[in-house]
Each structure stands twice: as C-alpha cells, then as structure tokens.
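All remarks here apply to the structure that follows.
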Amino acid sequence: MELALDYHSARALLAWQIELGATDAIGDAPVNRYELQARLPKAAATTADAAPIKPLEIDPVAVARQMAGAAGSLAALRDALDQFEHCELKKGARNLVFADGHPGARVMVVGEAPGRDEDMAGKPFVGRAGQLLDRMLAAIGLSREDSVYIANVLPWRPPQNRDPLPAEIAMMTPFLERHIALVQPDILIAMGNISCDALLGKRGITRMRGTWHEAQGKPVMPMFHPAYLLRQPVQKRAAWADLLEVKTRLTAG
Ligand code: URA
C-alpha cells in the first residue's frame, strides 16, 4: 500500500521517530517485514505453525528482585540494570540514567524519571528542574560534588515524559531499594508523588511533604518536585521549609 504523505506529516513522523531514539538510517530503502515473513521458505513456516511454543510466564518484579539482590556494588547494580530486559521503557531510551553525585553522601535524593535532557546526558536532573534542584540544595550547603547522591525511581525516560505506569514502578523498585542499601544515606528526600509511591507505597505529596516518614529504616522527607516548583513558584516557600527540616536533621546527627 502506497502512503502519500504531505511534507508536514512526513516531517512530524520523522521528528517522532527521532524522539523515540531512531536517529540512524540503516538502509536506503524501507523494508516491509510483513512481506519478508510471507516469503519465508514453506518448511520453516510449517515448523513454526506446527509447534506453537507457549511463552514462559515471567514475573518481572521477581527477576528484578533477584538481579538487584545479587548486585554487591553500585557498578554491579548498574550492570544489572543494563542487563534487565523486562521494562519496555528501555527500548525507547537513549541512555540508562543511573545516578549522579557522591556515593558516600549523607543525603540521597530520589526523583521520578529522566526527561529529555537527562536521557541525552545519561545523568539525572540536568535540565531546568535539575538546575533548580542544585540551587535548592546549595541553599542548605549541599552539592552533588560532595554531599548529595541523586537517583530516580525509573532509570529510563518514559515516552513523551508520561507518568510511569504502576507496573513500571513495581518492577524498578527492587533496583531502587538495592541502590539505597548500597549507598546507605542518612536521609532520603523523595521528590514528588512517584518517588513517594516507590519509597513509601503511597501518594499525596501536598499532605505528606514537610513531615518525616520512614523507608528501609531511614528518615524520608517528601518534597514538592522541582519541576512542579517551576510551574508553581508560590510553593517554593514550602520547599524552603522542608529543606530547613533536612538541614536541622543533618546537623543534629
Ligand atoms: N525529573 C526527575 O524526577 N528526574 C530527573 O532526572 C529529571 C527530572
């Protein structure tokens, strides 16, 4: 079937494919893989038809738990994520966004998921929200160079920055938990609802922010996400109060 596309539709389709990560042309002419299938030698097609193979039921959360649990270092955890093939987000992402900052830090910030800038850079919080995060941390004397470690619930960018699905959060949480266990921070900061969901099993950031919670035996401060603060600057006052809580707790012990 011939598709006649006007210039603007063709350009939009191309931009969409680039957005999904298809940045390299690997052939001059398009290949119709449905036709290739139809041209397969008969014997091969018959064998495939005759022996339907029942797909194995795989529980991605159990696989994630097993792989994360076996990782004895941050480098091993990163390798485990590289080898984890059950999260569809990985296929559309340019890079694994593992972490940034100081692995010996007392404070670990847990964000939601990489956006476009983070996906390109392979580092969390490097876009506008990340720059605001850096300024917020600096206001209480912290920096990723020497006192903060940063990771996300999801290490791959969701398409069009959509919200992570519950199944995606569930299968990536074992990796996050292992990440925390390996870094052993004194304090966790949960940025936004997705992070609260993964760490605390509940959402409701407006209600939860500003009060201490607990995850994996560690104090957790839920805070408004910096991306939300960029849209709602009036909430920066609340974020400042939460940062002061963090500073007080750090100074106390
Ligand atoms: N928002 C996040 O939650 N994490 C990032 O890394 C970037 C933006």
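Counting convention: from 1, in listed order, for ligands and their atoms alike. Predicted model, so just to flag it, every value in this text is computed and none were measured. These numbers come from the heavy atoms of this one structure, side chains and all, not from hydrogens, waters or symmetry mates.
For residues 113-136, the set of pairs meeting the ring pair (Phe, Tyr, Trp, His ring centres under 6.0 Å) definition, not counting sequence neighbours, comprises Phe125-His225.
The aromatic rings of Phe224 and Tyr228 sit tilted relative to each other, their planes meeting at an angle between 30° and 60°.
Qualifying side-chain contact (heavy atoms from CB on, under 4.5 Å) partners for Gln83, counting only residues two or more places apart in sequence or in other chains: Met67, Asp79. Residues satisfying the salt bridge (charged side-chain N to carboxylate O under 4.0 Å, His left out) criterion with Glu177, sequence neighbours excluded, are absent altogether.
Counting only heavy atoms from C-beta outward, the side chains of Lys90 and Glu85 approach each other to under 4.5 Å. Between Lys123 and Arg144 there is no side-chain heavy-atom pair separated by less than 4.5 Å.
When heavy-atom distances to ligand 1 are checked against 4.0 Å, the residues falling inside are Gly111, Glu112, Ala113, Glu118, Pro124, Phe125, Asn152, His225, ordered by chain and number.
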